[in-house]
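Let me begin by presenting the structure, written as structure tokens, before commenting on it.
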Amino acid sequence: MATGSNQEERAGKPLDTEDSTEAAGAPADGQLEGSSFNPLGNPGVKHWQASYIARPGLEERGNIFFAAVEMTRMPMLVTDPNQEDNPIVFVNRAFLDLTSYEEEQVLGRNCRLLQGPETNRDTVAEIRNALKEQRAVAVDILNYKADGTPFWNALFIGPIFDPDGKLLYYFASQLDITRRRVSEQSYLQAQKMEAIGQLTAGLAHDFNNLLQVISGNLEMAIDTLDAGSATHEAVERAQLAAGKASKLTQQLLTFARKQRLEPRRVNLNSLVVEFSEMLVRTLGEKVDLHLDLKPGLPSCTLDATHMEMALLNVLINARDAMPNGGKVVVATSVINDKDRLAAHHLEPGTYVVICVIDKGEGMTPEVARRATEPFFTTKGPGTGLGLAMVHGFVQQSHGRLEIESTAGEGTIIRMIFPVADRSAFEVSATRTTSPAGRLNWSPAAIMGRQTILVVDDSQDVRELAEVFLRSLGYRVLAAQSGEEALEMLERYGTVDLLFTDIIMPGGMNGLQLVERARARHPQMPVLLATGYMEELPRYGAESAALNILTKPYRQAELAERVRTMLEKITPPTAPGSFRHEG
């Protein structure tokens, strides 16, 4: 809110008469620039914040100024504070257009008729105090039209006095700034979510490294214990807890849009039908599942597993919103006409929509606004990550998540995705011809043993991988940075497998290491490990062919990946590329 000067403050300043003997005004002097919308684009100085008139009547309506007031597109009104409850005594046609009221519905009534359930009471109180002190005031306020439609109103109110300083009227001009407010709120929400996502991803990366050390050592420890012993059971419980922590971390990464996805062409109709048995079991006996699938639905490019999990999370929320049972509808459709695209704030094109509709408890506007925030929940048990995960997955898939809900009536969740622009054959051909996808590997390492270069900035994770791979009979070299790994490759020549972390502090990350290592040894196989995928999307189509192990991984999974990759190596030849330093 911004307010102008009062009577005492104006008394010592000269009035602007504009060469008129009938009207004068107190210049704004930049005082009314605050939270309200400024249609001038700069601080107002010359326009009046209060005016003084010699002919106070409203009867004279035949001059050019009255015609201008009626022709302007700026909604205006006048109230009379000398009557009980400060009623409206004049409105122009633009005000009627803005509010959808008829003139006879507003004359004689207080301006509070525009207020509604979500109008900020503090803003109303600020306006009331300014009027009590006979000050001009400028605010942004949520008002309502005659049909109940809310709109954000940039409101300016200024007092009008007679030559002796007696208050005669209040003049108000208004402007519908709903689109600007919605854009600002969306931008601020996006900024907040992005900041939370960046923080979450960074913490999850470090947490995944810790979990890798915990779970890896627990795997090694349990093999040395007698099955059924108390210690064996205790370690098993610790493994279960580490598994739950890993799942929670992956949920956080999905929210942060740092989870590794494996997108492919997916038909949402087929996905829903194939997954429907699981959905029915999840909803239970009290809730009926109905499918309303549009025939001929075009495909989109998604990670099918994550899409199933997103759909499952939304349906679990729908089930919990109907404790006494009910019906949930899963529907698909296509959006391509301009009006619907504009309504959903989408760029021109064709989109597929999958929506989940329930008639449950619904959400208040405040809950709906915060529904995708991590750890925000209105349910007793639960992490509050369900819709946060869905939001992150949809955003990472270049889609849009929309929530439409009314308390006591139900909720509609829409996931909107662009249609796939290439056929499955073209996608397959791209991956097949990718240089990173050619499986023409280097010779086996010396002495009949295969050599693996392990690169990780975390000493605990690196040493754990070293010990485990050596126990499997491999020869292991280790480096704590990309630079050190390149030095080892220069010293020892090519190795049979490069196993590197992706996110490493310093000058070179794992993907940059792979690029530089393959520039020297094009046929060297690579296995990547990561806790989250911040860098991978920058590497385009070739990234789809990279072999990636998600932290925290089980040692059995690492062993299987290494075995599978090394089995693809061509028959060994003489190890001429290896130079022994002894």
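Positions are given from 1, in the same order as the sequence printed here. Just so you know, these numbers use all the heavy atoms, side chains as well, and skip hydrogens, waters and symmetry mates.
- In this structure, M508 and L486 have side chains that are in contact, with non-hydrogen atoms separated by less than 4.5 Å.
- Summarising the geometry, atom CG belonging to L453 is positioned 10.5 Å from atom CZ belonging to R475; distances are rounded to the nearest 0.5 Å.
- With contacts defined as side-chain heavy-atom distances shorter than 4.5 Å, the pair M363/N317 does not qualify.
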Derivation and outcome, side-chain contact (heavy atoms from CB on, under 4.5 Å), residues Q450 and L497: CA-CA 8 Å; Q450 293 161 311; L497 177 66; over 6 Å; no

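- In terms of modelled atom types and a separation under 3.5 Å, the side chain of S405 and the main chain of G410 share a donor-acceptor contact.
- The minimum heavy-atom distance linking R265 with S299 is given by the pair NH2-CB, 3.7 Å.
- For L225 against V235, the heavy-atom pair with the smallest separation is CD1-CG2, 3.7 Å.
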I354 vs V352, side-chain contact (heavy atoms from CB on, under 4.5 Å): CA-CA, chis, key distance, verdict: CA-CA 7 Å; I354 180 169; V352 292; over 6 Å; no

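- Atom CG in L401 sits 5.0 Å away from atom CD1 in I403 (nearest 0.5 Å).
- Counting only distance, with no hydrogens or angles, the side chain of D358 and the backbone of R319 share no donor-acceptor pair below 3.5 Å.
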Verdict with reasoning, L312 to L279, per side-chain contact (heavy atoms from CB on, under 4.5 Å): CA-CA 7 Å; L312 192 63; L279 300 179; 3.8 Å; yes

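- With a 4.5 Å cut-off on side-chain heavy atoms, L498 and H521 do not count as touching.
- Between V495 and I452 there is no side-chain heavy-atom pair separated by less than 4.5 Å.
- Between L469 and L558 there is a side-chain heavy-atom pair separated by less than 4.5 Å.
- Interatomic distance, CG of L271 versus CG of L293, reported as 10.5 Å (0.5 Å rounding).
- Annotation: side chain of E560 is not in contact with side chain of E557 (no heavy-atom distance under 4.5 Å).
- Put simply, CE on M504 and OG1 on T530 are 10.5 Å apart, with the number rounded to the nearest 0.5 Å.
- Between D496 atom CG and T451 atom OG1 the span is 5.5 Å, to the nearest 0.5 Å.
- The two residues A478 and M488 make their nearest non-hydrogen contact at O-CE, 2.7 Å.
- Checked options D501, V455, T500; the residue passing with L528 is T500 (criterion: side-chain contact (heavy atoms from CB on, under 4.5 Å)).
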Distance-only donor-acceptor hits, side chain of residues 329-336, under 3.5 Å, sequence neighbours excluded:
{"residue": "T332", "atom": "OG1", "partner": "N269", "partner atom": "OD1", "Å": "2.8"}
{"residue": "T332", "atom": "OG1", "partner": "K294", "partner atom": "N", "Å": "2.9"}

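- Looking at R470, its side chain does come within 3.5 Å of a backbone N or O of V476 through a donor-acceptor pair.
- The two residues C300 and L268 have their closest heavy-atom pair at SG-CG, 4.0 Å.
- Crowding of H398 atom NE2: a count of heavy atoms from other residues, nucleotides or ligands under 6.0 Å not exceeding 12.
- Annotation: the span from Q555 atom CD to L472 atom CG amounts to 8.5 Å, rounded to 0.5 Å.
- The shortest heavy-atom contact between E308 and F275 is O-CE2, 3.4 Å.
- Under a 3.5 Å cut-off, the side chain of Q512 and the backbone N or O of N509 do form a donor-acceptor pair.
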F417 and M307: CA distance, side-chain angles, deciding distance, side-chain contact (heavy atoms from CB on, under 4.5 Å) verdict: CA-CA 11 Å; F417 303 100; M307 180 68 234; 3.9 Å; yes

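- Residue A465 comes nearest to F499 through the heavy atom pair CB-CE2, 4.2 Å, listed as atom of the first residue, atom of the second, then distance.
- Under the 3.5 Å distance criterion, the side-chain polar atoms of R400 are left unmatched by any main-chain donor or acceptor of V394.
- Residue R554 qualifies as open at atom CZ: its count of foreign heavy atoms under 6.0 Å is 12 or below.
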